Number of protein chains: 2
Amino acid sequence: MEIPPVVIDRLPLYTRALASLEVQGREVISSQDLGTSLGVTPAQIRKDLSYFGRFGKQGRGYNVRKLLDELHRILGLDRQWRMALVGVGKLGRAILGYDGFRSQGFRIVEAFDVNPERVGRRVDNLTVRDATDLEPVLSKNPVDVGIVAVPAETAQDVIDVLIRCGVRAILNYAPIAARVPSGVYVKRIEPVLALQSMTYYLKNRPHAPIPTPRS
Amino acid sequence: MEIPPVVIDRLPLYTRALASLEVQGREVISSQDLGTSLGVTPAQIRKDLSYFGRFGKQGRGYNVRKLLDELHRILGLDRQWRMALVGVGKLGRAILGYDGFRSQGFRIVEAFDVNPERVGRRVDNLTVRDATDLEPVLSKNPVDVGIVAVPAETAQDVIDVLIRCGVRAILNYAPIAARVPSGVYVKRIEPVLALQSMTYYLKNRPHAPIPTPRS
DNA sequence: ATCTGTGAAGCACTTCACAGCG
DNA sequence: CGCTGTGAAGTGCTTCACAGAT
């Protein structure tokens, strides 16, 4: 069956909420309660899950542990994913230092840069390699995900090389609209674009109005 | 007229592409050419722009300079936006050091943290203030956007305080589903969620298959 | 009584296709 | 002829509403 991409985008949200509920010792949760905590309608949660199976119990709800396991399996989070970082500038070093990836099963196993001053340096247990070695290194030892943290000018070239090395998923921090063949997945991380769409809604409002109470 | 939110989300993309074309000295562009470079259909671009006016010339296309000006005006990018950062840990410092905001008219004018070791320190031309001063400082000198870079546990509290100070837009780096009243806009920056949805598509594929040529 | 799973209805967004202008 | 602007058609996603399970 063909599952709507928006559904896939919501599953990680459910996963995270369930993980937090499990830590709290909660055993069962209804679509109603889960939805309220996430700002999603209960019907949507039920419909989303129904694409993959019948995980709930009528009259009770979903077993937190079981649903979490199912979602991990569905999303492929029951294994480790290997990632390569390209670009070890200020942004790249912040990405290397970020703990959030590893704790969720995503490991940066290679880091590359063109700048000779950075090549050879050790950053967070990794030795920065020369970007020209990207192809030989990744061909021998493939990764699942490429993280692009280079300037806009070279980003498309880097993406092309990564794809040639068999990388099928790219986390793109560079401010460009990446062109990739079908079957390759790109997610862009772009705070500026996010800001630029919010300003549309802000621009005609009086500055700092009386705050509305929680809806 | 009520404009679809997805349309607003695409306008910054167009803006960026046009800015790049302008630098290249291009004077006119068709929806066809702009679409190809962005991976968007020409019809979609024309429809999106038609919500706001008639900016093109039949038989020719759009004047790059003029369309860029219009989009800046529509999105409210023809002025400066003031932002406050909360959380000056590793992530917060990376955000402070990021040049991409300022060059697009977004200025971080205040930085807050709870940690006494960080309070008073100067980071990137800003003095880190105590988080308990958030309300008095922002009430006197309001900001447009709040950037949340605190741990998950305290993120909702920080967001509540920001909203009480009149902040109407939040850039949320914390791994939580923020609850906000209607009229407040939140964009989450969450690389891990992006990765977790891509793995769904990767999980059943052979590792590093023969790369598909550009589509 | 409660809450799931799901067809059917409703809504939102995208694409088509073409009239009309340059 | 080329390309925009736009109703109309088409597609995809969300919500409704209720039968059925516990």
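Chain letters run A, B, ... following the sequence lines, proteins first, then strands; residues in each count from 1. Every value quoted in this text rests on a predicted model; they were computed, and no experiment measured them. Computed over heavy atoms, backbone and side chain alike; hydrogens, waters and symmetry mates excluded.
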_Side chain of Q44(A) only, heavy atoms from C-beta on: which candidate in dT15(D), dA21(D), dT15(C) is closest?_
dT15(D)

_Selection from dG5(C), dT14(C), dT6(D) that lies nearest to any side-chain heavy atom of V6(B)_ = dT14(C)

*Figure out the OH/P separation between Y62(A) and dA21(D), and round it to whole Å.*
16 Å

*Is atom CD of Q80(A) surrounded by more than 12 heavy atoms (other residues, nucleotides or ligands) closer than 6.0 Å?*
yes

*Flag yes if more than 12 heavy atoms outside E27(A) fall under 6.0 Å of its CD atom; otherwise flag no.*
no

_Residue mapping more 5' on DNA chain D - nearest nucleotide basis, K57(B) or D48(A)_ = K57(B)

*Restricting to pairs with a member in residues 144-196 of chain A, which pass ring-ring contact (aromatic ring centres under 6.0 Å, His included), not counting sequence neighbours?*
Y185(A)-Y201(B)

*Between D9(B) and K187(B), does at least one N-O distance fall below 4.0 Å, as a salt bridge requires?*
yes

*Counting only distance, no hydrogens or angles, is the base of dT4(D) paired donor-acceptor with the side chain of Q58(B) under 3.5 Å?*
yes

*Length of the CD1-P vector between I45(B) and dC13(C), whole Å*: 18 Å

*All pairs passing salt bridge (Lys or Arg N to Asp or Glu O under 4.0 Å) where residues 94-110 of chain A contributes a residue, at least two apart*: E110(A)-R129(A)

Show me the donor-acceptor pairs, under 3.5 Å and distance only, between side chains in residues 15-22 of chain A and residues at least two apart or in other chains.
from: T15(A); atom 1: OG1; to: L11(A); atom 2: O; distance (Å): 2.8
from: R16(A); atom 1: NE; to: P175(B); atom 2: O; distance (Å): 3.4
from: R16(A); atom 1: NH1; to: E190(B); atom 2: OE1; distance (Å): 2.4
from: R16(A); atom 1: NH1; to: E190(B); atom 2: OE2; distance (Å): 3.1
from: R16(A); atom 1: NH2; to: E190(B); atom 2: OE2; distance (Å): 3.3
from: S20(A); atom 1: OG; to: Q24(A); atom 2: NE2; distance (Å): 3.1
from: E22(A); atom 1: OE1; to: R65(A); atom 2: NH1; distance (Å): 3.3
from: E22(A); atom 1: OE2; to: R65(A); atom 2: NE; distance (Å): 3.4
from: E22(A); atom 1: OE2; to: R65(A); atom 2: NH1; distance (Å): 2.3

*Take G53(A) and G59(A), find for each the nucleotide of DNA chain C with the closest heavy atom, and name the residue whose nucleotide sits nearer the 5' end.*
G59(A)

_Length of the line joining D9(B):CG and dT14(C):C1', which is rounded to integer Å_ = 15 Å

*What is the distance from CE of M1(B) to C1' of dC13(C), rounded to the nearest Å?*
15 Å

*In whole Å, what is the span from the CD1 atom of I3(B) to the P atom of dT14(C)?*
14 Å

*Qualifying salt bridge (Lys or Arg N to Asp or Glu O under 4.0 Å) pairs with a residue from residues 37-55 of chain B, counting only residues at least two apart or across chains*: R10(B)-D48(B)

*asked:* How about NZ on K203(A), more than 12 heavy atoms from neighbouring residues, nucleotides or ligands closer than 6.0 Å, or not?
replied: yes

*Shortest non-hydrogen contact from P181(B) toward I163(B)*: CD-CD1, 3.7 Å

Where do N or O atoms of nucleotides 16-18 of chain D meet protein N or O atoms at under 3.5 Å, pair by pair?
from: dA17(D); atom 1: N6; to: R46(A); atom 2: NH2; distance (Å): 3.3

*asked:* Measure CZ/F55(A) against C1'/dC3(C) and give the value in whole Å, please.
replied: 17 Å

*Which ones in residues 10-40 of chain A lie close to DNA chain C, meaning a heavy atom under 4.0 Å from one of its atoms?*
S30(A), S31(A)

*Tell me: CD of E70(A) to P of dG5(C), nearest whole Å?*
11 Å

_Y51(A) vs G56(B), nearer the 5' end of DNA chain D by closest nucleotide_ = G56(B)

*Round to a whole Å and report the spacing from CZ of R54(A) to C1' of dG5(C).*
6 Å

